[in-house]
Amino acid sequence: MEGFTINIEKKQFQNDLVNWFHEEKRDLPWRRTADPYQIWISEIMLQQTRVDTVIPYYKRFVERFPTLRDLANADEEILLKQWEGLGYYSRARNLQAGVKEVAEKYGGKVPDSRKEISALKGVGPYTAGAVLSIAYGLPEHAVDGNVMRVLSRILLIDEDIAKPKTRKVFEEAVTELISHEDPSAFNQGLMELGALICTPTSPKCLLCPVREHCAAFHEGRQNELPVKTKAKAGKAVDYAMVAIRSGESLLMEKRPSKGLLANMWQFPMAELPASTETAEVEELLSEQFKGTVENAEKITSFKHVFSHLTWNVDGFIAEGKDLQIPENMKWVNAAEMELLPIAGPVQKMKTALKSRGDV
DNA sequence: GATACGTGGGC
DNA sequence: TGCCCAAGTAT
């Protein structure tokens with residue numbers, strides 16, 4: 001019971017796909033290097049992230065950390081600042097942990113076996129196969145969303161690709177189909193096809209180099225596949241975010257080292273019902289910092305949607321005096337603030353402060 | 001296996 | 001506007 005049947009001419013399919021890839025592939029920065037370390041970086045950045053978004057980040061990143069040891073030795077705050085805006089920040093910290101392990105355990109050479117590379121932080125089944133095939137030319141499966149979409153159509157696989165166990169079906173299919181002459185072009189070809197031709201909606205079948213091999217195309221069912229159940233909606237939480245000023249400095253807080261936006265910086269926040277009065281905000285913060293927080297003023301109100309939840313934020317500015325601040329907070333001037341890694345909601349708050357000339 | 005984990009673009 | 005998405009992994 002495999003969930004699929006190979007009814008295509010394997011050799012011809014491989015040739016059509018690989019030849020098309022070599023002819024039509026986009027000129028992307030990570031396709032100009034053979035360095036496993038840099039290819040690894042690109043694969044981590046590309047997880048759940050669009051190519052056009054990744055390009056400038058990748059360029060800056062490899063310029064800042066050209067070698068594996070540069071990244072292994074990098075300060076985490078600088079690393080996160082480089083990653084700022086890319087999202088899924090644990091990727092950056094896991095990547096550095098993986099890089100450190102390679103530096104220490106493998107003499108700086110990225111391992112070339114699935115067992116070893118998969119043991120590295122942040123390297124799952126997809127990334128392992130991608131690095132092994134692209135950097136080392138090994139015939140290993142690399143199944144991402146593109147591959148599942150493309151093969152669900154070609155092989156008429158109607159299992160729900162939202163379910164984790166379904167990925168195994170596609171891994172078996174790729175293992176069966178992959179070109180041993182050019183595993184890199186085969187894997188990248190499937191993904192490139194998914195990105196350029198075999199798109200989620202309105203696939204460009206008439207331009208497809210492998211349409212003759214595609215069961216869905218033959219049956220006119222390309223728009224029915226892949227089958228993918230939708231995720232349930234996330235919850236919403238209300239917060240007050242407060243820029244507390246003292247002279248030329250603002251109070252910033254480092255988030256915990258686990259969970260949402262781990263180790264990123266923010267203005268102090270409290271979970272409060274929307275439209276909480278400024279007087280209540282002053283009172284709450286004065287008590288929290290055992291000092292005086294006064295002249296609070298609401299300066300903005302916004303919604304920030306994460307993948308699994310929504311923050312409804314009221315942003316305040318206030319003045320603080322004689323505050324006792326905890327270990328994870330510090331006063332920063334404008335120049336120092338520019339060095340701290342901050343995520344989307346704090347970015348929005350900062351924009352509101354800037355428009356008033358407060359930063 | 002279900003849920004946590006970001007962001008910006010496209011329709 | 002709101003929903004779906006885009007080269008997934010950790011727990």
- Query: Does the side-chain contact (heavy atoms from CB on, under 4.5 Å) test come out yes or no for Trp40(A) and Val102(A), once each step is laid out?
  - Reply: CA-CA 12 Å; Trp40(A) 180 8; Val102(A) 171; 3.9 Å; yes
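- Separating the CD atom of Glu43(A) from the P atom of dT9(C) is a distance of 9 Å, rounded to the nearest angstrom.
- Between Thr201(A) and dC4(C) there is no side-chain polar atom (N or O) within less than 4.0 angstrom of OP1 or OP2.
- Summarising the geometry, the separation between NZ on Lys228(A) and P on dC3(C) is reported as 16 Å, rounded to the nearest angstrom.
- If you measure from atom CD of Glu159(A) to atom P of dG1(B), you get 12 Å, rounded to the nearest angstrom.
- One atom, CG of Asn223(A), and another, C1' of dC4(C), lie 16 Å apart when rounded to the nearest Å.
- As judged by a 4.0 angstrom heavy-atom cut-off over every strand, Arg255(A) is placed among residues making no nucleic acid contact.
- If you measure from atom CZ of Arg167(A) to atom C1' of dG1(B), you get 13 Å, rounded to the nearest angstrom.
- Salt-bridge formation is not detected for the pair Glu171(A)/Lys168(A): no Lys NZ or Arg NE/NH1/NH2 atom is positioned less than 4.0 Å from an Asp or Glu carboxylate oxygen.
- Regarding Asp160(A), its CG atom lies at a distance of 13 Å from the C1' atom of dG1(B), rounded to whole Å.
- Using a 4.0 Å cut-off between a side-chain N of Lys or Arg and a carboxylate O of Asp or Glu, Glu176(A) and Lys10(A) qualify as a salt bridge.
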For residues 335-354 of chain A, tabulate all N or O donor-acceptor pairs below 3.5 Å that involve a side-chain atom, not counting sequence neighbours.
| residue | atom | partner | partner atom | Å |
| --- | --- | --- | --- | --- |
| Glu336(A) | OE1 | Asn333(A) | N | 2.8 |
| Glu338(A) | OE1 | Lys350(A) | NZ | 3.3 |
| Glu338(A) | OE2 | Lys350(A) | NZ | 3.2 |
| Lys348(A) | NZ | Lys303(A) | O | 3.1 |
| Lys348(A) | NZ | His304(A) | ND1 | 2.9 |
| Thr351(A) | OG1 | Gln347(A) | O | 2.9 |

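- Ranked by how close their nearest DNA chain C nucleotide is to the 5' end, Gly122(A) and Val51(A) are led by Val51(A).
- Here Leu28(A) lies in heavy-atom contact (under 4.0 Å) with a base.
- Residue Arg149(A) places at least one side-chain N or O under 4.0 Å from the OP1 or OP2 atom of dA6(C).
- Trp311(A) comes within contact range of no nucleotide atom at all, as no heavy-atom separation falls under 4.0 Å.
- Rounded to an integer number of Å, the gap from Leu120(A) CG to dT9(C) C1' is 13 Å.
- Looking at Lys100(A) and Glu104(A), no side-chain N of the basic residue comes within less than 4.0 Å of a carboxylate O on the acidic one, giving no salt bridge.
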B/S/- along nucleotides 4-11 of chain B (protein heavy atoms under 4.0 Å) is SBBBBB--
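- One N or O on the side chain of Tyr57(A) and one on the backbone of Glu84(A) form a donor-acceptor pair closer than 3.5 Å.
- Taking atom CG of Leu196(A) as the reference point, atom P of dA6(C) lies 12 Å away to the nearest angstrom.
- Using P as the reference atom, dT11(C) and dG6(B) are 14 Å apart when rounded to the nearest Å.
- Atom name P, nucleotides dA6(C) and dA4(B): the rounded distance is 22 Å, in whole Å.
- Lys230(A) comes within 4.0 angstrom of the backbone, heavy atoms only, and of no base.
- Between Arg32(A) and Asp27(A) a salt bridge is recorded (basic side-chain N to carboxylate O distance below 4.0 Å).
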